[in-house]
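If you're wondering where the values come from, they're calculated on a predicted model, not measured in any experiment. Along the sequence shown, residues carry numbers from 1.
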Amino acid sequence: MKLYLFNPDTDLALANNEANYMAPASARCMAQDLALLPVWYATVGSAVLAPSAYNADFLKRMCGIFPLQVHLATEPELPDYAQAEVVPWGWNPSIRRYLLKGGISEGSLPAPRLIAEYRVLSSRLQAVAVARRMADRHSEDTCGGHCIMKSITDCERTVNEMPACLLKTPWSGSGKGLNWCLHGFTKPVSNWCERVLREQGCLTAEPIYNKVEDFALEFYSNGQGEVLFAGYSMFSTNEHGAYTGNLLASDGQIEERLGNYLPLEKLVGIRESLHAELASIYGNTYTGYLGVDMMICRREEGDGYLVHPCVEINMRMNMGVVARLFYDRFVASGSSGYFNVEYFPDNEALRARHEQDVRDNPLIVDNGKLVSGYLPLVPVTGKSRYRAYVRI
């Protein structure tokens, strides 16, 4: 038996690194509103931890439309899953403590020593090291220089040498922990760097590239030394770098789109090198999905494009994997569309948009496969601020 749960604050919790960590209100709201999201990627016969009040009816309706074989588990029922294999969005000290207090047996949870190792492996410093090695192997087709800074002097020197750059903390969530440094080493930038150095010990800097596409390669590590390629993800971000949604398309369609920028054999070569890197770093330690965010960028000089082979390594479940699995399981062959996660500061605005989408995009499902239309993946309630949905 597997028990899935959605804890989207896991990167923030790793940055904090305390068992008593409390997520910010926005992350708690997202976790509650999207708690049922794992039903779309959970394995047959498993359970998803979520409040029952509004999720039970929604799940019952979805099970009547799609071949979902997943049931709901509530917090008071956690002791019934004491021996279950727990599959969170990501591991950190606070989610381990929560599950242990809730009634999950210690033997079903990673040891604190292992979670400490996961934290090291989740750092952006891993992405820096992998990007450097990938650039050495594929120098003609890649970009992606990074600097690691461990003192305020390092920060000032790096920013002065690279005035338009992106500063990043070692641990942070989607679109968080980023500082778009466009005007030199100003006082606000200096203060931000000092705080990050004090709290996390270092930070990274990289040039701001002329990006034309965001995409990712998804992998699965079995913890026994084997890492498997799980598919492609093509996604979008907002002006702050935060994730907004995914293209729903087959791996073949995404390869064809990426082929507009570089020959397929070069993409495959980069993929195979990345595969070997991940296997050596994560294969014997971590069990779960790994997402490597990448970019297609215009060359600074001349025509053509380069690949940034390792912008981030997400050592956790991620929205790209959700989109990949959803498409493969529930979308009719030949159809395509988008998977989105949206935040609304006002619940009435969210419900109005949801109702408009239901009217404008009627749902058509054939034999358990989504042919066209709008489908909310979680219930939209009178308190929701977040929604996850697909439009085919």
Peer 1: With sequence neighbours left out, what residues match Arg28 under side chain to side chain donor-acceptor pair (under 3.5 Å)?
Peer 2: none
Peer 1: Is any side-chain heavy atom of Leu125 closer than 4.5 Å to a side-chain heavy atom of Ile148?
Peer 2: yes
Peer 1: When clusters are formed by joining ILVMFWY residues with side-chain heavy atoms under 4.5 Å apart, either directly or through shared neighbours, do Val321 and Val311 land in the same one?
Peer 2: no
Peer 1: Would you verify whether the NZ or CZ of Arg353 falls within 45 degrees of the ring axis of Phe344 while also being under 6.0 Å from that six-membered ring's centre?
Peer 2: no
Peer 1: With rounding to the nearest 0.5 Å, note down the distance linking OH in Tyr282 to CG in Asn222.
Peer 2: 15.5 Å
Peer 1: Is the backbone of Gln83 close enough, under 3.5 Å, to the side chain of Ser105 for a donor and an acceptor to pair up by distance?
Peer 2: no
Peer 1: Leu370 vs Phe326, test: side-chain contact (heavy atoms from CB on, under 4.5 Å). Steps then yes/no.
Peer 2: CA-CA 10 Å; Leu370 182 53; Phe326 182 89; 4.2 Å; yes
Peer 1: Quick check against the 3.5 Å criterion: does Glu213 have a side-chain atom that pairs as donor or acceptor with the backbone of Leu258?
Peer 2: no
Peer 1: Flag the pair Glu206 and Arg124 as a salt bridge only when some basic side-chain nitrogen lies within less than 4.0 angstrom of an acidic carboxylate oxygen.
Peer 2: no
Peer 1: Within a strict 4.5 Å, meaning less than it, do heavy atoms of the Glu117 and Thr285 side chains meet?
Peer 2: yes
Peer 1: For Asp33, does its backbone N or O pair with a side-chain atom of Ser384 as donor and acceptor, under 3.5 Å?
Peer 2: no
Peer 1: Which atom pair, heavy atoms only, marks the closest approach of Leu99 to Val86?
Peer 2: CD1-CG1, 3.7 Å
Peer 1: Can you check side-chain contact (heavy atoms from CB on, under 4.5 Å) on Val341 and Met319, steps first, answer last?
Peer 2: CA-CA 9 Å; Val341 176; Met319 295 299 182; 3.9 Å; yes
Peer 1: Which atom names give the shortest non-hydrogen contact between Cys310 and Ala131, and what distance separates them?
Peer 2: O-CB, 3.8 Å
Peer 1: Under 4.5 Å between any side-chain heavy atoms of Glu342 and Tyr389, yes or no?
Peer 2: yes
Peer 1: Between Tyr286 (side chain) and Tyr289 (backbone), is there a donor-acceptor pair under 3.5 Å?
Peer 2: yes
Peer 1: Indicate yes or no for a side-chain donor-acceptor contact from Lys369 to the backbone of Arg329 under 3.5 Å, with no hydrogens or angles considered.
Peer 2: yes
Peer 1: Using only atom types and a distance under 3.5 Å, with no angle test, would you say the side chain of Ser46 pairs donor to acceptor with the backbone of Thr43?
Peer 2: yes
Peer 1: Within the structure provided, determine whether Leu375 and Phe330 are in side-chain contact (heavy-atom separation under 4.5 Å).
Peer 2: no
Peer 1: Which atoms form the tightest heavy-atom contact between Arg385 and Pro345, and what is the distance?
Peer 2: NH1-O, 2.8 Å
Peer 1: Any side-chain to backbone donor/acceptor pair from Tyr209 onto Glu300? Under 3.5 Å, distance only.
Peer 2: no
Peer 1: Please indicate whether Glu265 has more than 12 foreign heavy atoms, meaning atoms of other residues, nucleotides or ligands, lying under 6.0 Å from its CD.
Peer 2: yes
Peer 1: Keeping Thr142 on the side-chain end and His138 on the backbone end, is there a donor-acceptor pair under 3.5 Å?
Peer 2: yes
Peer 1: A quick test of your reading: do over 12 heavy atoms of other residues, nucleotides or ligands sit less than 6.0 Å from NE2 of His71?
Peer 2: yes
Peer 1: Aromatic contact between Phe215 and Tyr232, with the criterion being ring centroids under 6.0 Å apart: yes or no?
Peer 2: no
Peer 1: Start with the C-alpha gap between Lys168 and Glu312, add the side-chain angles, then the distance that decides, and say whether side-chain contact (heavy atoms from CB on, under 4.5 Å) holds.
Peer 2: CA-CA 11 Å; Lys168 297 180 178 181; Glu312 307 273 0; 3.3 Å; yes
Peer 1: Determine whether the aromatic ring centres of residues Phe66 and Trp40 are separated by less than 6.0 angstrom.
Peer 2: yes
Peer 1: Can you tell me if Asn160 has over 12 outside heavy atoms packed within less than 6.0 Å of its CG?
Peer 2: yes
Peer 1: Write down the atom of Ile95, the atom of Gly90, and the distance for their closest heavy-atom approach.
Peer 2: CG2-O, 3.9 Å
Peer 1: Got a sec: does the CD of Glu106 have more than 12 other heavy atoms crowding it under 6.0 Å?
Peer 2: no
Peer 1: Rounded to the nearest 0.5 Å, what separation is found between the OH atom of Tyr338 and the OG atom of Ser236?
Peer 2: 8.5 Å
Peer 1: Tell me which one of Arg132, Arg271, Arg133 satisfies salt bridge (Lys or Arg N to Asp or Glu O under 4.0 Å) with Glu277.
Peer 2: Arg133
Peer 1: Do His275 and Phe219 have ring centres separated by under 6.0 Å?
Peer 2: yes
Peer 1: Remaining members of Ile152's ILVMFWY cluster at a side-chain heavy-atom cut-off under 4.5 Å?
Peer 2: Met149, Val159, Leu167, Phe185, Val189, Trp192, Val196, Leu197, Leu203
Peer 1: So with a 6.0 Å cut-off around CE of Met1, is the heavy-atom count from everything else above 12?
Peer 2: yes
Peer 1: If you look at every heavy atom in Pro379 and Asn55, which pair is closest and at what distance?
Peer 2: CG-OD1, 3.2 Å
Peer 1: I'd like to check Tyr41 versus Met317 (side-chain heavy atoms, cut-off strictly below 4.5 Å). Are they in contact?
Peer 2: yes
Peer 1: To the nearest 0.5 Å, what is the distance between CG (Leu12) and OG (Ser26)?
Peer 2: 8.0 Å
Peer 1: Are Gln356 and Tyr374 close enough that a side-chain donor and a side-chain acceptor fall under 3.5 Å?
Peer 2: no
Peer 1: For Asp214, enumerate each residue passing the side chain to side chain donor-acceptor pair (under 3.5 Å) test, keeping only those at least two apart in sequence or located in another chain.
Peer 2: Lys211, Thr237
Peer 1: Roughly how far, to the nearest 0.5 Å, is the NZ atom of Lys383 from the CZ atom of Arg351?
Peer 2: 12.0 Å
Peer 1: Would you give the length of the straight line joining atom CD of Glu75 to atom NZ of Lys101, rounded to the nearest 0.5 angstrom?
Peer 2: 10.0 Å
Peer 1: Going hydrophobic residue to hydrophobic residue with side-chain gaps under 4.5 angstrom, can you get from Val227 over to Tyr118?
Peer 2: yes
Peer 1: Identify the heavy atoms of Ala332 and Tyr327 that sit nearest to each other, and give their distance.
Peer 2: O-OH, 4.5 Å
Peer 1: Between Arg324 and Asp251, does any NZ, NE, NH1 or NH2 come within less than 4.0 Å of an OD or OE carboxylate oxygen?
Peer 2: yes
Peer 1: Hey, is CD on Glu194 packed in by over 12 heavy atoms from elsewhere, all under 6.0 Å?
Peer 2: yes
Peer 1: Same cluster for Met134 and Leu264 if Ile/Leu/Val/Met/Phe/Trp/Tyr side chains link at under 4.5 Å?
Peer 2: yes
Peer 1: Got Ser233 and Asn246 here, is their nearest side-chain heavy-atom distance under 4.5 Å?
Peer 2: yes
Peer 1: Counting C-beta onward and ignoring hydrogens, is there a side-chain heavy-atom pair between Met162 and Pro207 closer than 4.5 Å?
Peer 2: yes
Peer 1: Just so I know, are the side chains of Pro112 and Arg96 near enough to count as touching, which here means a heavy-atom distance under 4.5 Å?
Peer 2: yes
Peer 1: Fit a plane to each ring of Phe235 and Tyr243, take the angle between them on a 0 to 90° scale, and name the class: parallel (under 30°), tilted (30 to 60°) or perpendicular (over 60°).
Peer 2: tilted
Peer 1: Got a donor-acceptor contact below 3.5 angstrom from the Asn347 side chain to the Thr381 backbone?
Peer 2: yes
Peer 1: Is a side-chain N or O of Ser273 found less than 3.5 angstrom from the main chain of Gly269, in a donor-acceptor match?
Peer 2: yes
Peer 1: Out of curiosity, Leu34 CG to Asn7 CG, how far, rounded to the nearest 0.5 Å?
Peer 2: 12.5 Å
Peer 1: Could you check Phe58 against Leu72 for side-chain contact (heavy atoms from CB on, under 4.5 Å), going step by step and ending with a plain yes or no?
Peer 2: CA-CA 11 Å; Phe58 180 86; Leu72 198 64; over 6 Å; no
Peer 1: Are a donor atom and an acceptor atom from the side chains of Tyr305 and Arg299 found within less than 3.5 Å of each other?
Peer 2: no
